[in-house]
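A short worksheet on the structure shown next.
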Amino acid sequence: MNYLNGLNEQQKQAVMHTEGPLLVVAGAGTGKTKTLTHRILHLIHNNVEPWSILAITFTNKAATEMRERVIDMLGSDDHIPKMSTFHSLGVQILRQWHQKLGISKYFNILDTQDKTSLIKQAMKHHDIDPKQWEPRKIASVISRAKANEKTAENYEPNKNPLTQYAAIVWTKYEELKRAEGSLDFDDLLSETYFLLRDDQEVREYYQNLWGYIHVDEYQDTNTIQYKIVKTLAEKHKNICAVGDGDQNIYSWRGADMKNILNFEKDFPGARVIILETNYRSTQNILQAAHDIISKNTERIEKKLVTENHQGEKILLYEGFSANQEASWVANKTQYYIRSGTEPKDIAVLFRTNFQSRILEEAFLNRMIPYQVVGVKFFQRKEIKDVMSYLKAAFNRESLSDIRRVINEPKRGLGKVAIAHVFAGQAEKLSAKAKLSYESFIGLLDAIYEYAQTNEPSETIKYIIKHTGFEKKLGEGNDDDKERLENMKELVTYAKKYDDLDDAYDRFFEEVALLSDQDSLGSNTKDSNTVKLMTIHSSKGLEFKHVFVVGLEQGLFPSERDEAKNKHEDEEERRLCYVAFTRAKDQLHVSYAKLRTIYGQQRINEPSEFLRDISDTLIDYDEDSYSNMKGSDTSERNYYNQDDDGEITETFYLDF
């Protein structure tokens, strides 16, 4: 029982409650992963078979961290529980029972771009103009409907024309997917749930298999995920849900706050344990975060406490312009790095993606190493080309992959020839085109045959060489050679799957399901960099120094075209709470009086969130060009400075 010694009293209670439903309300930085892994260890030490334990989370990064901690504590990886993301769990179940669904075991998983492409085809079939109706928005409507247990057959659009067009397109989109043996990300969850719901054999198999179920980030579950969990836990009721309603920031993709608030109704007799001891941040940071979140009403009451020192006050900067704000962030960052802070210990967080551009310019000017999180390695064209060759070799029904590489590199198959191929009219090809097409099919056969006796990394080398990519890109310009280097980086990435029994299955699955956070470490050359990211992408991460920029009314909290409801208002506060609690040592907040958005320059008021923070917690940066509080006049002077600090213009504004 020595493993219990490092736990606080609340963590220990959560670990030792093994029978019956349990809700662990775990505030930011309160050691929820430690609690989960120790609970799994405790079950195993109490003679629960590892194979009967399931732990589900949202990112591969979180699942990997959990798995590594359990292996480290057990001292072996011979028999460990199933630890997986929701989507990965869906892939496993659907592959195991693929025959019941009438799909290939090696079904293709459509990424966002591939999905949008099929939506466009479905729109074209119905003569719907993609310039007038954005395919991504139609895809989003379908995605949200699937998350709410809807299908193309029972979906009922509202009066919004977008939902009506989505209803028209949806059926054809499903037909196109089925024709090429593909599923999209939403299908991995909805098809899994429908299979569990409708097939008694499958349902009882998994209910008997997993007697102890753990769900991380329970507040982020949508309707389908919630129903999957509820179905799996139906027999034994041994479910441990860990989450924090204050960090529910994904309602826009279906996350339903009611799932955590109604846990005790869904699982009668459930025990609720609240973790409030924070091990990450200073007292000042936690108090500022509490000042923000305490104004929300849709929450389980708690207040984070810590034994950490008081810490530095929150550093507030008011800039005249967005350029000035970005320069301040870059200068501060440069100062920290020169003082010995590793770049990877610094993060700049913003509400929306467009804010990164001006920050990037400031970082480039000062030659500060940075990485914009969300620009995925696996979304690069050259990487998708190699992966499409590999996926098409394993699944000839994957028309999206075949369409992508049938003439890449160029092999003399033009649009007309490709149209004949996809119409099943290969006999209409010219002699030259027919020879090229047969060569392409022969190449796919050769790749598949090679893969049967070689590891993924070696097969990718084979693809790069035998497709002609190596020769073409190697003889090209600098950009071509960089693309070839990226392909070689894919070989390096694939090596970690080489020794696994189900190497290709795992490789296909994890590449398809990588999230923004999972891609953080995918390119080791960029690992020691300052991270620029949206607040949504930062969830689950922590940094010594955190900058939260653009705290302006209308930007953060954001304004919407439609009237916001109470839940949306409170989600903006939860987003701010998440941003603040990423900081360990020093939190910086800033805003700009002038910012150009969509080509229009606008004058901003400071965010209401800044007004909510107690004055005793804030220091005003000495480089600020005005005082935001404490002034008894509404007339202020502003100075515009160049990068060297020289005043170039003086502005006088009356607010």
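Hydrogens, waters and symmetry mates are skipped; everything else that's a heavy atom, side chains included, is used.
With a 4.5 Å cut-off on side-chain heavy atoms, L261 and I300 count as touching. For the pair Y155/V141, a side-chain contact is recorded, criterion being any heavy-atom separation below 4.5 Å from C-beta on. Residues V530 and I368 are in side-chain contact: their nearest non-hydrogen atoms beyond the backbone lie under 4.5 Å apart. Counting heavy atoms from C-beta outward, T529 and K344 have side chains that stay 4.5 Å or more apart. The side-chain heavy atoms of I346 and I337, taken from C-beta on, include a pair separated by under 4.5 Å. K146 is not listed as a side-chain neighbour of I224, based on a closest heavy-atom distance of 4.5 Å or more. Counting only heavy atoms from C-beta outward, the side chains of R351 and S558 approach each other to under 4.5 Å. Within the 4.5 Å cutoff, the side chain of Y165 has heavy atoms near those of the I138 side chain.
Partners of R483 under the side-chain contact (heavy atoms from CB on, under 4.5 Å) rule, at least two apart in sequence or in another chain, are E382, L473, D479, D480.
Taking each heavy atom of L304 and A28 in turn, the nearest pair found is CD1-O, 3.6 Å. Here the closest non-hydrogen pair linking S538 and I535 is OG-O, 2.7 Å. Here the closest heavy-atom approach between residue V546 and residue A579 is recorded as CG1-O, 4.1 Å. When every heavy atom of N60 is checked against every heavy atom of E510, the shortest pair comes out as ND2-O, 4.0 Å. Between A289 and T581, the shortest heavy-atom distance links the atoms CB-CG2, 3.8 Å. Heavy-atom minimum distance, R404 versus S388: CD-OG, 3.1 Å.
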Salt bridge (charged side-chain N to carboxylate O under 4.0 Å, His left out) between D111 and K115: does it pass, once the steps are laid out?
CA-CA 6 Å; D111 63 18; K115 178 179 180 177; over 6 Å; no

- Task: Might you work through the side chain to side chain contact (heavy atoms under 4.5 Å, CB included) test for I109 and F508, ending with a clear yes or no?
- Result: CA-CA 9 Å; I109 302 173; F508 287 140; over 6 Å; no

Next on the checklist: Under the criterion salt bridge (charged side-chain N to carboxylate O under 4.0 Å, His left out), I'd like the reasoning laid out for E608 against R573: C-alpha separation, chi angles, the key distance, then a yes or no.
Outcome noted: CA-CA 10 Å; E608 63 190 74; R573 284 190 174 276; 3.3 Å; yes

Taking it one step at a time, do D401 and K391 satisfy salt bridge (charged side-chain N to carboxylate O under 4.0 Å, His left out)? CA-CA 7 Å; D401 289 308; K391 290 189 291 182; 3.5 Å; yes

Applying side chain to side chain donor-acceptor pair (under 3.5 Å) to D186 and S143, what does each step give before you reach the verdict? CA-CA 6 Å; D186 304 308; S143 179; 2.9 Å; yes

Practice task
Go through V549 and Q355 one step at a time and tell me if the side chain to side chain contact (heavy atoms under 4.5 Å, CB included) criterion holds.
Solution key: CA-CA 9 Å; V549 301; Q355 293 171 260; 4.1 Å; yes

What do the steps show when you test R595 against E325 for salt bridge (charged side-chain N to carboxylate O under 4.0 Å, His left out), and what is the final call?
CA-CA 10 Å; R595 187 181 300 274; E325 180 191 42; 2.8 Å; yes

Side chain to side chain contact (heavy atoms under 4.5 Å, CB included) evaluation trace for L555 with F350
CA-CA 10 Å; L555 180 58; F350 35 83; over 6 Å; no

Apply side chain to side chain contact (heavy atoms under 4.5 Å, CB included) to residues Y620 and K313 and explain how you reach the verdict.
CA-CA 9 Å; Y620 301 97; K313 291 186 177 183; over 6 Å; no

For side chain to side chain donor-acceptor pair (under 3.5 Å), just list the numbers for D184 and Y173, CA-CA rounded to whole Å, side-chain angles, deciding distance to a tenth of an Å, and then say yes or no.
CA-CA 11 Å; D184 61 29; Y173 170 61; 2.7 Å; yes

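Atom CD of Q310 has more than 12 heavy atoms from other residues, nucleotides or ligands within 6.0 Å.
Remark: side-chain polar atoms of S88 are not paired, donor with acceptor, to backbone N or O of T85 under 3.5 angstrom. Side chain of T37 to backbone of K34: a donor-acceptor contact under 3.5 angstrom is found. S140 contributes no side-chain N or O that, together with a main-chain N or O of K137, makes up a donor-acceptor pair within less than 3.5 Å. For the pair D621 (side chain) and Y317 (backbone), a donor-acceptor distance under 3.5 Å is absent. Judged purely by atom type and a 3.5 angstrom limit, Q324 uses its side chain to pair as donor or acceptor with the backbone of F320. At least one donor-acceptor pair under 3.5 Å links the side chain of E570 to the backbone N or O of E298. For the pair T163 (side chain) and N158 (backbone), a donor-acceptor distance under 3.5 Å is present. With hydrogens and angles disregarded, no donor-acceptor distance shorter than 3.5 Å links the side chain of D114 to the backbone of S400. S117 places no side-chain N or O within 3.5 Å of a backbone atom of Q113 that could act as its donor or acceptor partner. A donor-acceptor pair is defined here as one N or O able to donate and one able to accept, closer than 3.5 Å; such a pair exists between the side chain of N604 and the backbone of A592.
In this structure, the separation between CG on L189 and OG1 on T223 is 11.5 Å, given to the nearest 0.5 Å. Rounding to the nearest 0.5 angstrom, the gap separating the CD1 atom in I292 from the CD atom in Q287 is 10.5 Å. We find the CG-CG distance between L610 and L551 to be 5.0 Å, quoted to the nearest 0.5 Å. For the atom pair T221 OG1 and N259 CG, the distance stands at 4.0 Å (nearest 0.5 Å).
Each of Q219, K302, R574 was compared with D246 under the side chain to side chain donor-acceptor pair (under 3.5 Å) criterion, and only K302 meets it. Of the residues listed (F58, F185, Y226, Y193), the one engaging F86 in a ring-ring contact (aromatic ring centres under 6.0 Å, His included) is F58, and it is the only one. Partner K539 forms a side chain to side chain donor-acceptor pair (under 3.5 Å) with one of T59, T534, D220 and no other, that one being D220.
Electrostatic pairing of E542 and R582 does not count as a salt bridge here, judged by no charged N lying under 4.0 Å from a carboxylate O. Salt bridge absent: K303 and E276 never bring a charged side-chain N and a carboxylate O closer than 4.0 Å. In this structure, E301 pairs ionically with R299, as a charged nitrogen and a carboxylate oxygen lie closer than 4.0 Å.
Aromatic rings of F580 and H290 (six-membered ring for Trp) have centroids beyond the 6.0 Å cut-off, not under it.
Side-chain atoms of D291 and S614 include no donor-acceptor pair closer than 3.5 Å. A donor atom on one side chain and an acceptor atom on the other are found under 3.5 Å apart for D216 and T57. With no hydrogens or angles considered, no side-chain donor-acceptor pair links T282 and N308 at under 3.5 Å. In this structure, a donor-acceptor pair under 3.5 Å is present between the side chains of S251 and E571.
Under the 30°/60° scheme for interplanar angles, the aromatic rings of H536 and Y250 are found to be tilted. Ring planes of H588 and F547: parallel class, angle under 30° (limits at 30 and 60°).
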